[in-house]
Amino acid sequence: MSINHKHIFDAANDLRIGSEILESKFGQSVFPLRSTIVTAAFSAELYLKCLLYISGKDVPRGREGHDLKVLYEALESDLQQKIESNFKDTNHGTQPMLDLMDEFKNTFNDWRYIYEKQATAFLINYKALCVLVQALDKTVRELKPEWK
């Protein structure tokens, strides 16, 4: 099956924009926290998968296909460095990238099924997740400037 890399990018971009729109409700009496985090985490996943496809790498499937750390580690080191550089350029990026990927590796699964774990407290560095998504978006756009 041939995967259109641009379609993955478009989906990641749509989810990033959706997450930003949801985030604009922050501080209001009804803030869709779960939806905001799930869309941001899924966007990060798709950007990483897009980078893997662009690089000609195999994309993990199943549970590993949602693990941001597994996806990140499957990238060539030059792409990892590009992502890290773009993350640091935001002036919010001080955490080592592998630590960040480890922190967010299961965010998509954890937060989309959070209703099953109501007794468990979930903490998340949402700002770092947003900055990561922005860095991933910038990285893809640097590789594919024709994708607007």
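Along the sequence shown, the residues carry numbers beginning at 1.
Taking the six-membered ring where the residue is Trp, His66 and Phe108 present tilted rings, their angle falling between 30° and 60°.
The side-chain hydrogen bond (donor to acceptor under 3.5 Å, both in side chains) test applied to Lys57 returns Glu76, not counting sequence neighbours.
Between the side chain of Gln80 and the backbone N or O of Tyr72, at least one donor-acceptor pair lies under 3.5 Å. Under a 3.5 Å cut-off, the side chain of Thr36 and the backbone N or O of Pro32 do form a donor-acceptor pair. Here the side chain of Ser19 pairs no donor or acceptor atom with the backbone of Leu15 at under 3.5 angstrom. Side-chain atoms of Lys144 do not come within 3.5 Å of backbone N or O of Lys6 as any donor-acceptor pair. Panel note: side chain Ser43, backbone Thr39; no donor-acceptor pair is recorded below 3.5 Å.
Within the 4.5 Å cutoff, the side chain of Glu103 has no heavy atoms near those of the Leu129 side chain. A heavy-atom distance below 4.5 Å is not found between the side chains of Thr107 and Leu68. Proximity of Ile124 to Phe104: side-chain heavy atoms (C-beta onward) are separated by under 4.5 Å at one or more points.
Taking every heavy atom of both residues into account, Leu51 and Leu75 meet most closely at CB-CD2, 3.7 Å. When all heavy atoms are compared, the tightest approach of His5 to Cys50 is O-SG, 3.5 Å. The minimum heavy-atom distance between Pro60 and Leu71, with the atom names listed, is CD-CD2, 3.6 Å. The minimum heavy-atom distance linking Trp111 with Val38 is given by the pair C-CG2, 3.6 Å. Heavy-atom minimum distance, Leu132 versus Phe87: N-CE1, 3.7 Å.
Residues Glu142 and Asn86 bring a donor and an acceptor atom of their side chains to less than 3.5 Å of each other.
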**Request:** For the pair Arg141 and Asn13, evaluate side chain to side chain contact (heavy atoms under 4.5 Å, CB included) and give the outcome as yes or no after the intermediate values.
**Result:** CA-CA 11 Å; Arg141 289 175 189 276; Asn13 198 40; 3.1 Å; yes

